[in-house]
K.L.:
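Encoded as structure tokens, here's the structure I'll be asking about.
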Amino acid sequence: MSGKEVVDLPNDLYIPPDALAVFLEAFEGPLDLLLYLIRRQNMDILDIDVSEITRQYMEYIGAVEVMRFELAAEYLVMAATLAEIKSRMLLPRHEAEEDDEVDPRAELIRRLQQYERFKKAAEDIDALPRMERETFTVSASLPKLPSNQAHPDVEMRDLLLALQGVLSRADLFTSHHVERERLSTRERMSAILSLLRDDQFVTFQSLFTIEEGRLGVVVTFLATLELVKEQLIEVVQAEVLGQIHVRARAAR
Amino acid sequence: MNEENLAKIQAIAEAALLAAGKPLTLDQLRELFAEDERPARQVMEHVMMLVGNACEGRGFELRKVASGYRLQIREEFAPWVSRLFEEKPQRYSRALLETLALIAYRQPITRGEIEDIRGVAVSSNIIRTLLEREWVRIVGHRDVPGRPAMYATTRQFLDYFNLSGLTELPPLSEIRDLEEIGREIEKNIQAEIEFDSTSAQPTGDNTSDQTFH
Amino acid sequence: MNEENLAKIQAIAEAALLAAGKPLTLDQLRELFAEDERPARQVMEHVMMLVGNACEGRGFELRKVASGYRLQIREEFAPWVSRLFEEKPQRYSRALLETLALIAYRQPITRGEIEDIRGVAVSSNIIRTLLEREWVRIVGHRDVPGRPAMYATTRQFLDYFNLSGLTELPPLSEIRDLEEIGREIEKNIQAEIEFDSTSAQPTGDNTSDQTFH
């Protein structure tokens, strides 16, 4: 139904009817379209021939509407704006008032200029060398890296607090039960046990270190007794008054 | 700091940049070293110069971008290297690029302000894409009804476009203020000479566009 | 094939290997070039030798692996490079600290004994972590069915906590008195240690037997 009317499109629009949709999409709005029209006419943006531009703009809008393409509302608003500027341009200008009177086109020119500079800025940004197009990230494969398990720090107070928590929960762990055994004894128990590794007997004597003095001897002795009591070691004396030997009841 | 030591730091820095696959700051590079062997900032800066020089004539180069130093393929080899990748580099729509440009040059800016300048609505898709790419982020809300979000660009944006800062963006074209326009129109009409934008005086507009953080 | 041409092919090959981030075969490298400029296999092989030589004294080296050539960070720089991937150490769980404290105060002690006192199971992870950290060691096995290992603390444990011996650990009586100060410390720690401590009283929850690596 619109074939005839499409033929009536202004020649200087140079748009085949079926390309109108594409054409519409090619513009980023009414300002973009206006800029196109201005540039095509080789007009100075600062001295727009409003009536000519308005005529072309309206023809374009008309053609699009005839084709029943959906037109963004902004295009219609701009059409109204252009019509208004055109009518104001037709009003006679008084010489005397010229200084105060603002050019009716001023606001439009400002907007066009503003838009144009960001349109240009967008092109500039698009032209910047960018990753994945002009340049690429580099990476080399990794050799075997040392295990990087960074260890958490622990404060002594955290440790004590944890213990306190256990103690207050565990009834069987009464204070006298634990406290009777001095830590030095328990430490020595561990030390003795680690001496008794290979299921071998060692002499009882060798557990003691003379340099530690009387206190050290006592600690070692208590530790040995405790180990016996806990059935962790066995003590063997082959003959009366003979050498005493000890070994772990369950060495590794 | 002797030569040998410098060479070692240089090799380590190069290795780290290759391993990281992303920009590293001077301090991140320095922190690779234990405290007792950590190079001073000036030393590290010097080393980075050495790293850069050592790329001379090779397939890659050292670049300083917003997030730090980065080794990257030289632009001249992109035609060959890009054949490695099936996917063609993504193209961005004009609408997206214009929106991005407005955010880059006019940040912080609201969507409404972008729409005012572009003269059309900005689709939510564009904003979402920019946010997802982490090229822009919301830096606050304007204290007006509706409290619209204000957008600004990110370091990732700068990194992606090979910039070390917003000041490296191509300068905005000048815009002549209205009074000036009026005078010039008159002049043009009278002299009928072709107008070219020679006005040497700073417009003041440009500088204000360059304020960033 | 002139020198200049070789140098260009070398740079492109290097760029491609770095951009690919994975091994490339000789043919994959050759296919980066348009047919009319594609180097012969022998030429490409020669170029790979040049690429390898050019890595001399740098942070990376050329390796030939089953699936082709690849550029790899030199192993000697692994200690520094690995710091890039260092994760922030997490905190030890309450369960681990309790286990450690019990081993310190009740050594030699088996896992079963620890569980008896704590009233909950001790995860293998905890024991493994303590062994790996070399704070505890196995000093023997208890002569009961299953021959459970007996744990004791190590010299490293003492060193870490700046103790010359276990006797320097506060006596248990003092720990009981901690209750008072404890509350205050607890408050501080609560923010730091990550265990759910919604209730103020020390509970037997020990949901904290979680993993922690």
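Computed from a prediction, not measured in an experiment: that's the story for all the values here. We name chains A, B, ... by the order of the sequence lines, and we start the count at 1 in each one. Below, all heavy atoms of this structure are taken into account, side chains as well, without hydrogens, waters or symmetry copies.
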K.L.:
Identify the two heavy atoms, one from Phe85(B) and one from Ala19(C), that lie closest to each other, and give their separation to 0.1 Å.
P.N.:
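The pair with the smallest heavy-atom distance is CZ-O, 3.8 Å.
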K.L.:
Is it the case that more than 12 heavy atoms not belonging to Asn53(B) sit under 6.0 Å from its CG atom?
P.N.:
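It does: Asn53(B) CG has more than 12 such atoms within range.
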K.L.:
Non-hydrogen atoms of chain C under 4.5 Å away: do they reach the side chain of Gln10(B), the backbone, both or neither?
P.N.:
neither
K.L.:
With a 4.5 Å heavy-atom cut-off, do Leu32(B) and Val81(C) have their side chains touching?
P.N.:
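No - every pair of side-chain heavy atoms lies 4.5 Å or more apart.
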K.L.:
To the closest 0.5 Å, what do you measure between CD (Glu76(C)) and CD1 (Ile12(B))?
P.N.:
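If we round to the nearest 0.5 Å, Glu76(C):CD and Ile12(B):CD1 are 8.5 Å apart.
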K.L.:
With respect to chain B, which residue among Gln28(C), Lys8(C), Glu31(C) yields the maximal number of heavy-atom pairs within a distance under 4.5 Å?
P.N.:
Lys8(C)
K.L.:
Within a 6.0 Å radius of atom CZ on Arg30(B), are there more than 12 heavy atoms belonging to other residues, nucleotides or ligands?
P.N.:
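Result for CZ/Arg30(B): enclosed.
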K.L.:
Which heavy-atom pair separates Ala16(C) from Leu84(B) by the least distance, and what is that distance?
P.N.:
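Shortest heavy-atom contact: O-CD1, 3.4 Å.
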K.L.:
Side chain, backbone, both or neither: which part of Ala7(C) has a non-hydrogen atom closer than 4.5 Å to chain B?
P.N.:
neither
K.L.:
Does any part of the side chain of Glu37(B), heavy atoms only, come nearer than 4.5 Å to the side chain of Trp80(C), both counted from C-beta?
P.N.:
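Heavy-atom side-chain distance check passes, below 4.5 Å.
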K.L.:
Less than 4.5 Å to any heavy atom of chain C: does that hold for the side chain of Leu29(B), its backbone, both, or neither?
P.N.:
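Nothing of Leu29(B), per the 4.5 Å heavy-atom cut-off to chain C.
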K.L.:
So, Glu14(B) and Arg58(C), do they make that salt bridge, N to O below 4.0 Å?
P.N.:
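Here Glu14(B) pairs with Arg58(C) in a salt bridge, since their nearest N and O are under 4.0 Å apart.
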K.L.:
Measure the spacing between CZ of Phe33(C) and CZ of Arg83(B) and express it to the nearest 0.5 Å.
P.N.:
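So the gap between those two atoms works out to 8.5 Å.
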K.L.:
Using every non-hydrogen atom in the two residues, find where Gly59(C) and Ala15(B) come nearest and quote the distance to one decimal.
P.N.:
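Smallest interatomic distance, heavy atoms only, reads O-CB, 3.7 Å.
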K.L.:
About how many Å separate CZ of Phe60(C) and CG of Leu71(B), when rounded to the nearest 0.5 Å?
P.N.:
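Rounded to the nearest 0.5 Å, the CG-CZ separation comes to 8.5 Å.
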K.L.:
Measure distances from Ile73(C) to the heavy atoms of chain B and classify the residue's part below 4.5 Å as side chain, backbone, both or neither.
P.N.:
side chain
K.L.:
What part of Leu24(C) gets closer than 4.5 Å to chain B, counting heavy atoms only: side chain, backbone, both or neither?
P.N.:
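Contact with chain B involves the side chain of Leu24(C) alone.
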